[in-house]
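A short worksheet on the structure shown next.
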Amino acid sequence: MTARPAEPGSAAGVSTAEPVIVAALGEIPLGEGRAYAVGDAMVAVFRLRDGSVRAVSAVCPHRGGPLADGQIDRSVVLCPLHLNAFDLTTGCSLSGQPDLTVYPVAVDDQDRVVVSPPVLSPPVPSPVPSPGD
Amino acid sequence: MPQRLVVIGNGMAGARTVEEILARGGDFAITMFGAEPYGNYNRIMLSNVLAGVEDESGIFLNDLSWYADNGITLHTGREITRIDRFAKVVYDADGTATGYDKLIIATGSRAFVPPIPGVHRPGRGYHQGVFAFRTLDDTRGMIRYAREHQRAVVIGGGLLGLEAARGLQNHLPHVTLVHSAGHLMNAQLDEQGGNTLRRSVEALGIEVITGAYTTEILGKHTVTGVRLRDGRTVPCDVVVLAAGIRANAELAQTSGLVTERGIVVDDQMRALDEPDIYAVGECVQHRGETYGLVAPLWDQARVLAGHLTGADPHAAYHGSRVATKLKVAGVDVAAMGLREPERDDDETLVFAEPARGVYKRVIVRDGRLVGATLVGDVRKVAFLMQAFDRGLPLPEDRVELMFDLGAPSAEVSAAELSDDAQVCNCNGVTKAVIRDTVQAGCKTVTGVMDATRAGKGCGTCKGLVAQIVEWAAGGEVEEDPAASWYVPGVPMPKPELMRAIREHELTSVSQVFATLAPGGEEDARSKMGLASLLKMMWGARYVDERDARFINDRVHANIQRDGTFSVVPQMKGGVTTPAQLKRIAEVAERHQVPMVKLTGGQRIDLLGVPKEKLPTLWAELDMPSGYAYGKSFRTVKTCVGSDFCRFGVGDSTALGIAIEERYQGIEGPAKMKLAVTGCPRNCAEAYVKDLGVVAVEGGRWEIYVGGAAGAHVRKGDLLATVDSPAEVITLTGRFLQYYRENANWLERTYAFVPRVGIERIRAVVVDDADGLADDLDAAMDASVAAYRDPWKERAEPVTPGQFRTSLPLTVLPQVPVREETRP
Ligand code: SRM
Ligand SMILES: Cc1cc2nc3c(=O)[nH]c(=O)nc-3n(C[C@H](O)[C@H](O)[C@H](O)COP(=O)(O)OP(=O)(O)OC[C@H]3O[C@@H](n4cnc5c(N)ncnc54)[C@H](O)[C@@H]3O)c2cc1C
Ligand code: SF4
Ligand code: FES
């Protein structure tokens, strides 16, 4: 993977066509998430307690909650607003919401977090209005 | 090309019929029209919504995505006004035409509005303050209006009227039930049964007037009362009509179908002489009968689906025998068949125990059950219902129809039921379906309920569902283990969990998962509860892993709908100073805080603050956190008390401040909100707080616990009456500590106190019957000593990017900025 050198955390404006260094690993506390701009997209990057990283779209498809503020475990993130759950690896909603976009993410040899463009962006699902809302 | 199936009416019968058709693989292009603007919901549950025991969102049976997923075109909020039987087209109010090959009419019924002067206002529909009780919108309107008014009159003392009256008590203080017949539920109960019921209803605080015709609704602009035929007037500001229902058959009638009291159908649910038009539900009349309950429409839906899809060419509906049950907590009524014996040789058994509110009557003819009434004790209802429905032979010893004699009743009655007996009338689930689910491996009651939807309607059958699961599992029923766990990810109830944590000396959340969770797996849903518990148990030894905290506790503020936060500084006892107000005003102005609001907790909320600005605001305010975000001690509301109030008998303000000073920020299983009030007029609402203190004459103080006035309303129980503020402070700490140690995660005191029982709590906390008082006091002292204002955590972030924005570049739904607060 060819990581373009960039100021950690200041990646706005970089084309999404190539991997982007978003942060030094140490900027993301263990078990938490932080949000970064990758091109025009906003990506929530999580550092799991087993040391691995995950990256998904930062905005909850339910009602726009900030997913980087959510709580995680080794498989899911819970949105802080209404606790909808999403699988961190597949982006799939576990509670009937549209799915998240997953971004390939890795830690390079200098302990920097590198986010790549999504392999296949799923069609943007139009949220189904629920009468219970 | 599949045939076009059009369904008029998207209520319980219409949607159920479509479900049954889909279940049989019916190949139709389905279009549904519903006059209401929603998917299909469980109308029965409106009573529970009104009573506040069920959330609106919990009553939907088919939400909009269900229609989309099944390829059904649904038009909500569209009323069909005409059917052209010859051209096979239906028209809605705008004149839009939709063609069909097969048509199902499922228009249900509506509230019967008796012709009482004053019900309507010319040109305005119902008089303001007059409501029917049929739809979700009716219910919402009624709740909204009732909350702002004082006295309701419910016209009609049948099932619906009783449920309306009970539900309204949840929203206003005075409810009167006006019923025209001589006794309540006269369609189902005989006089003695009705009178027994009346006493139980009156005991709930509902006033009952029987034999009373309402002749007028009084009041020009708003309702002021109702007048009865005997000249009496009953003052009120809300009127609810529950005087019966009428089938919605006008559409069919004006379109040329045969209608009487409903749309006349044959045994295949076909409208008379119409090869392609069918009707189901409350809008139909079958063999001279119309129905007002759901059980018959499940039968009708099955028959119609079997017939239409061809899955069951012999499908025929022969009518239903229905049982009525009242859904009013604490007042059990069930009735079926005859109310009173009709023939000389009908056998009847009557059992009455008026003091306990119990009345039972069973009527047997030719060895078959033809009628039963149960008031106050409905344990035998499942068995009676089945005997009635199927005409089963009855026990020799007729008294067994009323009581379980010695035998292990649960097993017997579950086994007695036949396979196709319908157990859940709301969702139409039979005993066989429950048995099969259990045999397929699901051996917990909650699991079976989730899988079959049994018991998820009005809930009256939950007991029976549990019995059947028990029977079907042959004694191997599994407790739904998770129900008793403290958090979902660690399979232990709280006491066991606490023992294990102590034994293994687990001081961090990750250690708890590693040691006690299955496979050592972390669980995001469990982190917050574990963090709270460990902090309470270990105090300073607790290893605080920040990822175990919910976002609110990471940044000491409450997250809002647009991802910004609110800042609520501490304002002990609701008392502030001009200097403090000025400082708050300046900070709010400088940072253009979108809204400044007085909270229900007697302090000031600065709303709409971005995360990255929190530390700056705290520094400039230089006030401690009010903890308006945590599962923790929140506020102590006070009234002015003896310092200024002419009625005050105790210095409630000083005591409130002292309590807040001492217990500020203490974490717990849920929020703890307190109040101190200077006399029993209770201006600080102490009777409805987790712990409320009321000053009484003679320098004494009453302490109430377990009160609530949020999602749940409950008056607190009197824990003790003491002589001094110092004793109040000690008992407050001891009670809170007992609660912290023993309550389940997120269990507020309003649930905890009744669960444990006030006597038991008093024994431990006040009388020290278990010798625990010193330990409780010491544990609380340690927590108090460990208090540190979290808003001091501002010079340096505790974790990297603690206050970094998580807001996306794309704009979230913004919280509106109000005109008057715009800078
Ligand atoms: C700000 C305030 C409304 C106001 O403008 O007055 C408020 C705001 C919220 N309340 Fe409340 N409650 C506020 C007073 C109350 C009161 C009245 C009181 O405290 O005297 C009650 C009834 C008392 C009670 O708690 O029983 C109250 C009962 C609730 C409940 C229902 C709790 C229950 O179990 O009955 C919730 C929901 C919950 O806890 O799950 C809730 C939840 C909320 C939350 C935290 C919703 C949430 O989870 O985000 C709201 C946060 C809004 C925000 O964005 O900051 N709020 N809430 C009040 C803050 C009081 C304070 O100064 O601390
Ligand atoms: C508060 C309450 C409590 C109840 N409790 C119980 C109980 O405990 N047990 C029990 O068995 N039953 C109970 N019932 C009765 C039960 O709800 C009904 O039997 C059931 O809803 C009937 O179903 P349905 O589909 O025939 O009619 P509905 O559920 O009323 O559905 C008919 C639908 O058709 C729509 N519609 C009507 N005309 C048109 C048109 N021209 N074009 C388009 N759409 C149209 C209506 O808007 C409505 O949505 C209760 C009813 C109420 C109101
Ligand atoms: S009542 Fe409380 S929870 Fe509901 S909207 Fe108002 S502040 Fe929010
Ligand atoms: S916004 Fe994410 S769950 Fe509602």
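In what follows, every heavy atom counts, from backbone to side chain, and hydrogens, waters and symmetry copies are set aside. Chain letters run A, B, ... following the sequence lines, proteins first, then strands; residues in each count from 1.
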When rounded to the nearest 0.5 angstrom, what is the spacing between CD in B/E522 and OG in A/S75?
9.0 Å
All heavy atoms of A/L81 vs all of B/Q560, minimum pair found to be CD2-O, 3.5 Å
Is it the backbone or the side chain of A/L30 that comes under 4.5 Å from a heavy atom of chain B, or both, or neither?
backbone
In short, B/P800 meets A/G26 closest at the heavy-atom pair CG-O, 3.3 Å
Go through it in stages, so that I can follow the logic: the residues are B/R804 and A/Y36, the test is side-chain contact (heavy atoms from CB on, under 4.5 Å), and I'd like the CA-CA distance, side-chain angles, deciding distance and then a yes or no.
CA-CA 10 Å; B/R804 185 191 155 92; A/Y36 301 98; 3.1 Å; yes
When rounded to the nearest 0.5 Å, the distance separating CG of A/L48 from CG of B/D547 is 10.0 Å
At their closest point, which heavy atom of B/I559 faces which heavy atom of A/D69, and how far apart are they?
CD1-OD2, 4.1 Å
Can you name the nearest heavy-atom pair linking B/G563 to A/P66, along with the distance?
CA-CG, 4.1 Å
Which one of B/R554, B/E521, B/R546 has the most heavy-atom pairs closer than 4.5 Å to chain A?
B/R554
Counting heavy-atom pairs under 4.5 Å with chain A, which one of B/D523, B/I59, B/T76, B/D55 comes out on top?
B/D523
Test salt bridge (charged side-chain N to carboxylate O under 4.0 Å, His left out) applied to B/E79 - qualifying residues, sequence neighbours left out:
none
Enter the distance from A/E32:CD to B/R549:CZ here, rounded to the nearest 0.5 Å.
9.5 Å
Find the distance between CD1 (A/I72) and NZ (B/K527) and round it off to the nearest 0.5 Å.
5.5 Å
Can you check whether B/D562's main-chain N or O pairs, donor with acceptor, with A/R63's side chain at less than 3.5 Å?
no
Find the distance between OG (B/S510) and CZ (A/R49) and round it off to the nearest 0.5 Å.
4.5 Å
Pair count under 4.5 Å, heavy atoms only, with chain B: among A/P80, A/A85, A/A68, highest is A/P80
Here the pair of heavy atoms bringing A/Q71 nearest to B/A524 is O-CB, 3.9 Å
For A/D73, salt bridge (charged side-chain N to carboxylate O under 4.0 Å, His left out) partners two or more places apart:
none
